[in-house]
Amino acid sequence: MLKMHNVSKAYITDSVKTQALQSFSLEVKAGDFIAVTGPSGSGKTTFLNISGLLEGFCEGQYLLDGQDVSKLNDKDRSRLRNEKIGFVFQSFNLIPELNLFDNVDVPLRYRGFNKAQRKQRIEEALNKVGLAGRMNHYPTQLSGGQQQRVAIARALAGSPAFLLADEPTGNLDSQMADGVMALLKEINASGTTIVMVTHDQEQALQASRIIHVRDGQVEEVIHEQKAIA
Ligand SMILES: Nc1ncnc2c1ncn2[C@@H]1O[C@H](COP(=O)(O)OP(=O)(O)O)[C@@H](O)[C@H]1O
Ligand SMILES: [Mg+2]
């Protein structure tokens, strides 16, 4: 469970202050599939990065699985992030010099798994996204849709409770986007909680809840979506 209460965050650059989040409150329950929508600059990425412990915040409280993250030191916060969170970015963020196997291995190396455990997890994760046959390929040898599948495998390999995705289909054509959405729904159905930022209204409608963000605040929450197909 992820619970934010009145979280505020401002960026200050050259005496310009931008209020990215303003008293942002939201509760995400285990098993949810949340779509976060809103205009560009409204604070969606800031919210997701704070959720994933990639960024801190100025005011308010954030509990991740019951742990007050502001009370953790850097080391414990990194450990919590590594154990609980998988990230997927719009631009995939794969390492071009590494083959698919080694790309998926990157976050596992911080987790204390031994080599055999890592190998099993990598193979399972790549199998789940339909790319087990390409373990020795490099990212540039794949289509965008396939690269995003590798990024999803990398996010899943550590069995995170939460998958956070920032416009995961933003760089994909519609057919590849549909494939990635189908995969995310499957992952959610097998128990992983998902928070996904999207510009695509049709995609948002496939989530179990839509959070509309405006000016750094939750403007509207749309509940009771149709059951995920
Ligand atoms: N690192 C940063 N430094 C300064 N301002 C930032 C930074 N990141 C985001 N912002 C500002 O914070 C606001 C929210 O940004 P963001 O969370 O990226 O919005 P969204 O993802 O909804 O487009 C915007 O006004 C943006 O310009
Ligand atoms: Mg953004």
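Numbering of ligands and ligand atoms starts at 1, following listing order. Remember, it's a predicted structure, so these values are computed and weren't measured experimentally. No hydrogens, no waters, no symmetry mates; every other heavy atom, side chains included, goes into these values. All residue numbers refer to positions in the sequence shown, counting from 1.
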Inset, instruction - May I have the step-by-step check of side chain to side chain contact (heavy atoms under 4.5 Å, CB included) for K119 and F101, ending in yes or no? - result: CA-CA 8 Å; K119 181 168 185 285; F101 185 96; 4.1 Å; yes
Inset, instruction - Report the residues that fulfil side chain to side chain contact (heavy atoms under 4.5 Å, CB included) with D215, sequence neighbours left out, ordered by chain and then residue number. - result: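 In terms of side chain to side chain contact (heavy atoms under 4.5 Å, CB included), with neighbours along the sequence ignored, D215 is linked to no residue.
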Inset, instruction - Pick out which of Q147, M181, Q148, Q90 makes a side chain to side chain contact (heavy atoms under 4.5 Å, CB included) with L172. - result: Q148
Legend entry - Heteroatoms of the protein, restricted to N/O/S, which lie under 2.8 Å from the Mg ion (ligand 2):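 Listed by chain and number, the atoms are T45 OG1.
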Inset, instruction - Can you see which heavy atom on R149 is nearest to which on L183, and at what distance? - result: NH1-CD2, 3.8 Å
Legend entry - Shortest non-hydrogen contact from V88 toward A155: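 So the minimum-distance heavy-atom pair works out to CG2-CB, 4.0 Å.
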Legend entry - Contact residues of ligand 1, where a non-hydrogen atom lies under 4.0 Å away: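 These residues qualify: Y11, T18, A20, P39, S40, G41, S42, G43, K44, T45, T46.
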Legend entry - R134 vs Q146 side-chain heavy atoms within contact, under 4.5 Å: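 Sidechains of Q146 and R134: in contact.
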Legend entry - Partner of E55 by side-chain hydrogen bond (donor to acceptor under 3.5 Å, both in side chains), out of N49, T46, T45: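 It is N49, the one option of N49, T46, T45 that forms the side-chain hydrogen bond (donor to acceptor under 3.5 Å, both in side chains) with E55.
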Inset, instruction - Using the side-chain hydrogen bond (donor to acceptor under 3.5 Å, both in side chains) rule, pick out the option among K128, R121, Q120 that qualifies with E124. - result: Q120
Legend entry - Under the ring pair (Phe, Tyr, Trp, His ring centres under 6.0 Å) test, residues paired with F89 that sit two or more places apart: F87
